[in-house]
Each structure stands twice: as structure tokens, then as C-alpha cells.
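The structure appears below as C-alpha cells.
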Amino acid sequence: MATIDITKLRKVFGDENGEIVAVDDLDLTVEDGEFLVFVGPSGCGKTTTLRCIAGLEDVTSGTIEFDGRDVTDRRARERDVAMVFQNYALYPHMTVRKNIGFPLRLSTKQSSDEIDARVEEIAGLLGIDTLLEQKPRELSGGQQQRVALGRAIIRDPEVFLMDEPLSNLDAKLRSTMRTELQELQSELGVTTAYVTHDQTEAMAMGDRIVILEGGELQQVGTPSDVYRSPANEFVAGFIGSPSINAFTADVDGGLLTGPGGFEYALDDPSLVEGYDRVRVGVRPEDLRPEVDGAMPSEVTVVEEMGNENFLYARMGDVDLTARIESEIHPEEGVTVAFGFDEEDLYLFDPKTSESIKTKTSETDISYEQYVQPGPDQ
Ligand code: ATP
């Protein structure tokens, strides 16, 4: 097991046609035994960061330490990391037994019997002990993914690095494997860095989440931290599904006014002192239809999810989404005034996009309450 210290990590790709800063002065510590998830939009530098930790990519500058040992210039095979990728890369001609045992056959002097015993132990842990004599093509996607995990686990590494390992699986299996992987990681206690573009997966799995954008660290924190106290509007928009509703409002004393007749008098006007305008954010789950709510809106679509309804509405030129109880089912085309509690309101600096105010409500949130699986999950 290891603590990973990343200091001022920078990775620039480039040639005569220009340079791309894939990772920009990243400072980060992955704690011993932690499950840390990197998340962010495509191209934000997740995979490059992981490959630098693995030793598969030379860094431009900065250092990477495992338990205080500088490994920046060490090659991958000298780092004691095991990687699992989206592409399982199993050997098609080998049985499951041979696939899992392969790293040990390659790197240790253990006897065949010893290796077999270890393979059987790990296959038991992963629930694939009845498949040991099968070939990969005879297995389902989930079973193949377990074999790939087995091959990583058998090396007993200091660090697991996983890059979108579940994205080839269908929705149901992905959800099952998420739980299994988390349980396994906590049982083994191996420091794990995990990459995904899917914020639902990040929220569900991570002890802490690292949000990157354009190669820069936006925030690192627990799922609850990044949902409740996003550092900036980007994080607020990226975490939570459906996304936070956000728009610009004018400030007059403590009064906020905005598109489509939005009008809200802050209980605490000091929050916006010195601002002429602010960005306002309210999460879909914090909106509720009211008689005289701050956000007069025309309902455009109602989606019934069974346990709740999604209302899509327009407030002036702003599209809004609200998650409300399934009993409330307004007609499309009617006007609804959405209200919210000030403690759930987010405010962002319109120039820097940094948070001015985040959630202050006391509610103890579990991820299921606020993360709705997207259409492809
Ligand atoms: P995705 O979710 O799409 O995999 P990512 O967050 O993992 O994206 P990276 O693969 O780390 O992003 O890429 C970060 C940036 O670096 C991108 O702009 C990408 O085009 C660039 N990049 C990555 N690898 C190389 C390379 N080998 N040569 C040149 N540019 C690269």
C-alpha cells in the first residue's frame, strides 16, 4: 500500500504545430488505501494523469512519490502498480486460469502449484472460480472484466490504476460491478486511482473525487463536499444530474432580478455586497412549484420517472429542470412559479466563476438522493 504525492505535475504534448498542456501544475495526494476518482469532461487530462502515475508517460516537470520515494523517473515495471483499462486485453488463447496467473508466471519464481492456489483464491474472491478452464470468448463482458481485475489483484500491487474499467458493460452490470469493485478495494485496502468521465460513477465510488478541466485541478473533495460546496460554477454544473440550473441576475441591494421575471430578495443581502451581477444556481431537486415563487416559468415537458417527475420549463430565455414529487403533474404549457430555500441557493462570481455562496442546509445527503442515472446508464 502506498500514499501517492503528486507535486506540480505538468505534462505538455507538442510538436512544431503547437503544444497541448494536458496536465497543468497538479498538486494532489492520494492517501494510503484511498479510492480516489478522477472525473471531468473529455480531454481534461484524466488519462494522462493516470499514465504519469503509472510511469507510462514521461512528465514534463513535477514529481511523483510513492510513500516518499521519488518514482518520477522510474519505469512502469519498477513502480509496483497494476492497471485495469477499459479494454480488458485478455489473452484470447489462454484459459481464465492462465490469464489470471500470467503476471505471477512472468515475474516470480513461485511453483505452478503455488500460482494455481493463488489463482483459485482470487477467482473465488471475484466469483469466477467455476470459469477457470474457459477461454475469454466464452465469457460475458462482466466475467471478462473480473478476469482482468483478477490479473491485476494477483500481483498484490501497492497501487491500482483503473481507466474507465466498467464502460464496456451494460447499465445493470456496470452498477453491480461498481459495488463489487468498491467492496473489493476496501477489502484489499490498495490505494486506487480511478478514471471516469461519468460523474454518477465518480459520486458512487469515490472516497474523494478530483475534478479536472483543461488540465487544471478544479476541486478535490468527498462526494458530499463537491456537491454541496463546489469551488466554482464548473464543478457545480458538472456534479449532479440533471445539472444545476444557472443564470445571471442583476443585483440591487439584496434584490436579485433576472430573466423571465425572476425576482428574489435575499435574507442575507451582505452575500452580494460589491456585486452588480451574480450567477445564480439552484439544483433541480431544490425547486418546488409555489403560488408566488421567485421563478415564473412555462412548463414545456413533463417526464414521469415513476418515483418522481422531471419538469422541463422555460423562464425567459433560460431552460430549467425541476425534480418534483410524482403526485405533482402540471399540464405542459402552464405557468409555474418555482421557489426554493435560500439555504439551497448557490451564487457564483460572474467574472471568476468562483462560489460566493453554496448550500448551507443541514440535510445529510446520500448519493442516491441527488444523482439520477443518465439516459445511457
Ligand atoms: P477522455 O475522457 O476523452 O479519455 P481525458 O480527460 O482522459 O479524456 P487525456 O487523454 O488525458 O484526457 O488528454 C488530455 C489532452 O492531452 C487532450 O487534449 C488530448 O488530446 C491530449 N493528448 C493526450 N495524449 C496525447 C498524445 N499522446 N499526444 C498528443 N496529445 C495528447
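For ligands, and for the atoms within them, numbers begin at 1 and follow the listed sequence.
Salt bridge Arg314/Glu298: absent, no basic N to carboxylate O contact under 4.0 Å. Between Asp341 and Arg288 a salt bridge is recorded (basic side-chain N to carboxylate O distance below 4.0 Å). Between Glu158 and Arg69 there is a salt bridge, since at least one side-chain N of the basic residue sits less than 4.0 Å from a carboxylate O of the acidic one. Electrostatic pairing of Glu343 and Lys359 does not count as a salt bridge here, judged by no charged N lying under 4.0 Å from a carboxylate O. Taking a cutoff of 4.0 Å between a charged side-chain nitrogen and a carboxylate oxygen, Arg277 and Asp250 qualify as a salt bridge.
Those atoms of ligand 1 with a heavy atom of Gly45 less than 4.0 angstrom away are 5 (P), 6 (O), 11 (O), 12 (O), 14 (C). Distances below 4.0 Å separate heavy atoms of Ala22 from the following atoms of ligand 1: 14 (C), 15 (C), 16 (O).
Residue, atom and distance of the protein heavy atom nearest to atom 3 (O) of ligand 1 are Ser42 OG, 2.6 Å. Protein heavy atom in closest approach to atom 9 (P) of ligand 1: Thr48 OG1, 3.5 Å. Given atom 2 (O) of ligand 1, the protein heavy atom at minimum distance is Lys46 NZ, 2.9 Å. Remark: minimum distance from atom 31 (C) of ligand 1 to any protein heavy atom is reached at Phe13 CD1, 3.3 Å. The protein heavy atom nearest to atom 14 (C) of ligand 1 is Gly43 O, 3.5 Å.
At a heavy-atom distance under 4.0 Å, only side-chain atoms of Ile20, from C-beta outward, approach ligand 1.
Aromatic pair Phe35/Phe160: centroids not less than 6.0 angstrom apart.
Some N or O of Thr47 is nearer than 3.5 Å to an N or O of ligand 1, by distance alone.
Distance remark: protein heavy atom present below 4.0 angstrom from atom 25 (C) of ligand 1.
The minimum heavy-atom distance linking Ile356 with Tyr275 is given by the pair CD1-CZ, 3.4 Å.
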